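Encoded as structure tokens, the structure appears first; notes follow it.
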Protein chains: 2
Amino acid sequence: MTTLDSTGGAEGAAVPAAAAVRRRGGPGARERLLDALRASGPVSRVELAAITGLTEASVSTTVRRLLQDGVVVEVGRTPTAGKPRTLLQLDPGGRTAVGIDLGPVTTTCVLTSQTGGVLARLTSSAPPRESAAQLVDRLARDVETLIEGSGERRERCLGIGLVYGGPRRGSAAAPGGPPGTPGGLEPELLRAALQEVTGWPVLAENDATAAAVGEYWVARVDAARSFAALYMGTGLGAGIVLAGSAHRGARGQAGEFGHVVVDVDGPPCWCGGQGCLEAVAGPAAVVARALADPVARAEAHLEAGGPRSTVGDFSAVARAARAGGGACRALVEASARYVAAAAESLVNLFDLDLLVLTGPGFAASSSLYGPAITRRTGAAASRAWGRAVTVTVSSAAATAPAVGAAALLLQDRLAR
Amino acid sequence: MTTLDSTGGAEGAAVPAAAAVRRRGGPGARERLLDALRASGPVSRVELAAITGLTEASVSTTVRRLLQDGVVVEVGRTPTAGKPRTLLQLDPGGRTAVGIDLGPVTTTCVLTSQTGGVLARLTSSAPPRESAAQLVDRLARDVETLIEGSGERRERCLGIGLVYGGPRRGSAAAPGGPPGTPGGLEPELLRAALQEVTGWPVLAENDATAAAVGEYWVARVDAARSFAALYMGTGLGAGIVLAGSAHRGARGQAGEFGHVVVDVDGPPCWCGGQGCLEAVAGPAAVVARALADPVARAEAHLEAGGPRSTVGDFSAVARAARAGGGACRALVEASARYVAAAAESLVNLFDLDLLVLTGPGFAASSSLYGPAITRRTGAAASRAWGRAVTVTVSSAAATAPAVGAAALLLQDRLAR
DNA sequence: GAGGGAAACTTAACGAGCTTGAGTAAGGGG
DNA sequence: CCCCTTACTCAAGCTCGTTAAGTTTCCCTC
């Protein structure tokens with residue numbers, strides 16, 4: 001029998017994967033190879049076999065198919081003691097996809113390469129009182145214009161990813177309620193309609209999840225990391241990617257970060273809850289407080305009577321806070337404390353090690369929120385859980401959802 | 001001290017089967033069939049094909065193997081217009097497994113049938129200053145006694161599930177810190193040692209996750225539901241089961257329900273955080289408040305100087321609250337408000353529709369916590385998200401972890 | 001109490017996808 | 001030039017699940 005010593009060392013004894021280990025039935029060879037190619041720079045077949053756990057023979061045949069499909073290219077060789085390795089990578093000139101971000105005010109369309117590079121961009125805005133049918137028509141025309149103007153071949157485009165705010169299955173808009181799609185159209189109906197009209201496969205996804213997948217794909221996040229994209233737009237959401245695949249929940253409503261309860265006695269929220277993060281410290285709440293305070297209002301140059309846009313107004317407050325406006329700074333810092341607390345709950349419940357701040361809200365304010373979140377999550381994570389939580393800011397927070405939508409479609413389509 | 005009593009296996013009532021749509025590449029036929037058989041009462045092969053999405057041919061061959069393995073039995077037939085259907089179910093006299101709950105004070109061992117019925121039970125307690133090697137020996141002897149005493153054939157037993165408190169990778173015990181295993185042994189080392197000594201496969205799992213899997217298996221939770229088991233022992237944890245498989249997180253630290261932040265300005269927590277649920281409203285916090293208040297202390301008959309056990313003291317406070325002790329009731333209700341708020345965060349982040357209260361803490365207090373949680377999660381869920389959150393209490397909260405550990409091992413072993 | 005019909009299984013052939021094991025290609029060093 | 005090393009490929013075969021064509025077992029009718 002073995003001798004045991006009772007000092008519970010915290011060093012990396014491998015956690016038993018227990019029942020989580022599946023002998024088979026994981027993602028197929030093609031999917032695994034694509035994920036490895038996405039995350040690494042140029043890699044050889046031997047390395048791919050090591051990374052994915054597939055046999056070299058299997059890698060060889062699957063890679064041949066990827067080469068034939070024009071998804072992958074050979075880009076060089078590394079000398080070895082024997083035959084040199086052939087390096088492979090995703091072909092930047094391979095397939096493309098369109099991403100559409102259906103914002104509350106403007107619609108952003110991008111055409112991206114399969115490596116996440118933006119090839120063309122187009123912005124339009126909804127005319128007043130646009131009907132659902134008109135919306136679909138406008139989007140179809142935008143996509144047409146985008147591809148025409150880019151000079152890219154249309155056969156290369158695999159489809160369209162479509163981003164909308166709010167949860168998947170919208171409820172009847174409660175007052176001050178969830179963002180939803182313009183025209184109040186069900187995301188699924190809009191998706192089907194656009195697919196019908198354009199003839200391209202269309203995938204619909206909520207903003208936070210799309211941003212997370214985009215980050216995963218474009219910023220080459222390691223598949224081993226479990227991470228969340230905190231998304232601030234009109235509200236607050238979290239897109240969660242675990243072991244390389246998006247976690248949406250049974251009804252596609254997982255990651256409702258804005259409805260983490262941060263104050264048991266807090267104000268009522270439109271969702272029916274009380275003390276939700278969004279109601280206490282979301283962008284709309286910050287703007288409301290700024291509007292109520294003459295000093296803050298002046299600092300942020302908020303017109304009392306002008307047309308309101310939560311994202312725009314919040315950005316103005318954040319800018320004022322950064323520029324030294326004391327009243328605005330106090331408002332944003334108060335908000336950041338709550339957001340940081342909710343982020344800690346998120347990290348502890350999902351066992352995350354990476355948070356990415358993204359979306360238009362954080363684009364303007366990440367320098368204020370980032371440190372607060374880092375401070376809060378760092379303290380407990382390292383001390384009690386032996387994990388390091390990295391907090392980063394998306395490199396292009398404003399276009400993240402559109403690029404993410406395109407990435408989502410690519411990930412879905414390339415795998416087959 | 002060792003007590004042994006044998007009970008007959010208690011098999012539950014039939015539950016109507018619900019069709020589950022799965023895409024390809026999921027778990028294999030055998031696993032899917034076992035899950036369907038677990039969740040339903042007697043089912044025919046045709047129904048199994050409909051439930052699992054497998055073809056009838058595939059069901060036929062896989063079922064034959066399960067029959068040969070002695071896992072499944074034919075139990076009757078239903079008349080049809082043609083050949084009657086042969087009904088199948090898991091054989092209650094088929095395989096068995098041992099579950100060990102390594103509590104802070106007492107160790108509970110159970111022998112269960114593969115349908116979750118408890119065939120025999122044994123309780124022992126650690127002698128003072130027990131070394132790690134002695135612990136392993138004691139557990140091995142307990143298992144031996146349990147199986148001997150039960151009269152069950154040892155070849156039927158597939159292995160041992162082992163439950164410990166706290167996260168998978170224990171940190172050096174902080175003051176008032178995480179529970180961890182007795183003797184401070186790393187769960188993985190303990191698992192390996194017990195496996196070595198007994199010769200049976202051993203699976204180690206944290207208490208909340210084990211309780212969740214046990215609930216899933218024994219209470220026949222529908223695989224389509226996403227649910228969490230809220231576990232109250234010395235601390236608070238959540239075991240999360242999504243689409244039929246436990247969600248553990250990258251480091252096995254997911255579901256740290258006790259470290260959801262419920263008060264940004266709250267007291268410091270041993271984890272390094274601030275305002276964590278456990279620090280604000282966990283059982284230890286409730287007990288500490290009761291001890292500090294002479295009235296509550298009298299109501300709960302807490303000895304000022306006696307040996308302290310968080311679970312025992314908390315149960316006493318909960319009993320006093322139920323019996324009408326006003327001071328204790330106020331303490332527990334204050335705690336329940338926070339737990340309910342954290343539960344709402346959990347539900348919103350994971351998109352859950354079922355919460356099960358379990359563990360020794362809730363065994364004594366579910367009648368006080370249950371309604372508070374139901375009230376809070378019900379309001380927002382139905383109004384904004386179009387989902388109904390069911391809150392139930394485990395039928396045998398005190399033995400849930402041990403039974404869950406056995407279920408976990410069964411689920412893992414039967415699938416191969 | 002045969003013969004048909006209906007529905008529940010069963011069997012056989014096949015195919016996708018991956019593995020094993022034995023090649024073949026491509027470079028370097030003596 | 002030969003030989004060694006290492007990268008990659010080919011061929012056979014295995015596992016699992018599918019499709020399609022039986023086979024069994026009941027009830028019902030004549």
Side-chain angles (χ1 to χ4, degrees), chain A residues 21-37 40 42-69 71-89 414-416, chain B residues 17 19-37 40-69 71-89 414-416:
Chain A
V21 172
R22 302 245 182 279
R23 300 175 306 289
R24 267 161 194 285
R30 190 176 170 110
E31 199 170 338
R32 280 199 257 177
L33 284 175
L34 283 169
D35 197 61
L37 284 159
S40 348
V43 224
S44 69
R45 290 173 177 78
V46 203
E47 291 166 307
L48 282 173
I51 296 172
T52 58
L54 298 165
T55 57
E56 295 181 0
S58 187
V59 170
S60 186
T61 54
T62 311
V63 163
R64 187 186 320 128
R65 244 167 269 166
L66 288 172
L67 284 165
Q68 279 169 1
D69 292 357
V71 176
V72 158
V73 280
E74 301 191 335
V75 285
R77 14 192 59 199
T78 12
T80 64
K83 175 178 173 179
R85 299 175 170 181
T86 319
L87 297 178
L88 302 158
Q89 67 174 31
L414 288 176
R416 42 187 91 186
Chain B
V21 183
R22 305 217 177 161
R23 57 181 188 286
R24 303 177 52 149
R30 190 177 169 108
E31 201 170 339
R32 281 201 254 177
L33 284 175
L34 282 168
D35 198 60
L37 284 160
S40 342
V43 225
S44 70
R45 291 171 176 79
V46 205
E47 290 166 307
L48 283 173
I51 295 171
T52 58
L54 299 164
T55 56
E56 296 180 1
S58 187
V59 169
S60 185
T61 54
T62 312
V63 162
R64 188 186 318 128
R65 245 167 269 164
L66 289 172
L67 284 165
Q68 279 167 1
D69 291 358
V71 176
V72 158
V73 280
E74 301 190 336
V75 285
R77 13 190 62 198
T78 11
T80 65
K83 176 177 172 180
R85 300 174 169 180
T86 320
L87 297 178
L88 302 158
Q89 68 172 29
L414 288 176
R416 42 187 89 184

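Below, chains carry the letters A, B, ... as their sequence lines are ordered, and counting in each starts from 1. Every value quoted in this text rests on a predicted model; they were computed, and no experiment measured them. Values reported hereafter were calculated over all heavy atoms of this structure, with side chains retained and with hydrogens, waters and symmetry mates removed.
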Problem set entry | B:Ala29 to B:Ser58 - nearest heavy-atom pair and separation | CB-OG, 4.2 Å
Exercise. Any side-chain N or O of A:Thr55 under 4.0 Å from OP1/OP2 of C:dT19?
Worked result: yes
Exercise. Taking it one step at a time, do B:Leu34 and B:Val71 satisfy side-chain contact (heavy atoms from CB on, under 4.5 Å)?
Worked result: CA-CA 9 Å; B:Leu34 282 168; B:Val71 176; 3.9 Å; yes
Seminar exercise, completed: In whole angstroms, the gap separating C1' of D:dT9 from CD of A:Glu74 amounts to 13 Å
Seminar exercise, completed: From CZ of B:Arg64 across to P of C:dA8 the rounded distance in Å is 18 Å
Exercise. Got a second to check how far A:Asp35's CG is from A:Leu48's CG, nearest 0.5 Å?
Worked result: 11.0 Å
Problem set entry | Rounded distance [0.5 Å steps], CG in A:Leu66 versus CG in A:Leu414 | 8.5 Å
For this session: Would you kindly give the CG-to-C1' distance between A:Leu66 and D:dT9, to the nearest whole Å?
Result: 16 Å
Seminar exercise, completed: Ranking B:Glu56 and A:Arg45 by the position along DNA chain D of their nearest nucleotide, the one closer to 5' is A:Arg45
Seminar exercise, completed: One should read off an interatomic distance between B:Arg77 CZ and B:Ser44 OG, to the nearest 0.5 angstrom, of 11.5 Å
Exercise. Starting at CG of B:Leu54 and ending at P of D:dT15, how long is that distance when rounded to a whole Å?
Worked result: 19 Å
Distances under 3.5 Å only, N/O to N/O: pair up the protein atoms with those of nucleotides 28-30 of chain D.
none

For this session: Before giving the answer on side-chain contact (heavy atoms from CB on, under 4.5 Å), spell out for B:Val72 and B:Leu67 the whole-Å C-alpha distance, their side-chain angles and the decisive distance to 0.1 Å.
Result: CA-CA 5 Å; B:Val72 158; B:Leu67 284 165; 3.9 Å; yes
Problem set entry | Heavy-atom closest contact (B:Thr80 atom, B:Arg85 atom, distance) | CG2-CG, 3.8 Å
Exercise. Do B:Leu33 and B:Arg65 pass the side-chain contact (heavy atoms from CB on, under 4.5 Å) test, and can you show the C-alpha distance, the side-chain angles, and the key distance before you say yes or no?
Worked result: CA-CA 11 Å; B:Leu33 284 175; B:Arg65 245 167 269 164; over 6 Å; no
Problem set entry | A:Val46 side chain, from C-beta outward: closest of D:dC8, C:dC18, C:dT11 | D:dC8
Exercise. Please give, in whole Å, the distance from C:dA8 C1' to B:Leu87 CG?
Worked result: 12 Å
Exercise. Side-chain N or O of B:Ser60 less than 4.0 angstrom from OP1 or OP2 on C:dC9?
Worked result: no
Any protein N or O atoms within reach of nucleotides 24-30 of chain C? Criterion: under 3.5 Å, listing atom names and distances.
unit_1 : atom_1 : unit_2  : atom_2 : d
C:dG27 : OP1    : A:Arg77 : NH1    : 2.9

For this session: Would you mind telling me which of D:dT9, C:dC18, D:dG17 lies closest to the side-chain atoms of A:Ser58?
Result: C:dC18
For this session: Please round to the nearest 0.5 Å and tell me the distance separating atom CG of A:Leu88 and atom CD of A:Glu47.
Result: 9.5 Å
Problem set entry | Contact summary for B:Ala415 and B:Glu31, nearest pair of heavy atoms | CB-CG, 4.1 Å
Exercise. In whole angstrom, what separates A:Arg65's CZ from D:dT9's P?
Worked result: 13 Å
Exercise. With sugar-phosphate meaning primed atoms plus P, OP1 and OP2, does B:Thr62 contact a base, only sugar-phosphate, or nothing at under 4.0 Å between heavy atoms?
Worked result: nothing
Problem set entry | Where B:Arg45 and B:Val59 come nearest, the two heavy atoms and their spacing | O-CG1, 3.7 Å
Problem set entry | Atom-pair distance (CG on B:Leu88; P on C:dA8), nearest Å | 13 Å
Problem set entry | Separation of atom CG in B:Leu33 from atom P in C:dC9, rounded to whole Å | 13 Å
Problem set entry | N or O in side chain of A:Thr61 less than 4.0 angstrom from C:dC18 OP1/OP2 | no
Seminar exercise, completed: Per-helix bend value, the helix from C:dG1-D:dC30 to C:dG30-D:dC1, C1' rotation axes over five pairs per end, 10° rounding, shows 30°
Problem set entry | Given D:dG17, C:dC9, C:dT20, the nucleotide with the shortest approach to the side chain of A:Ala57 | C:dT20
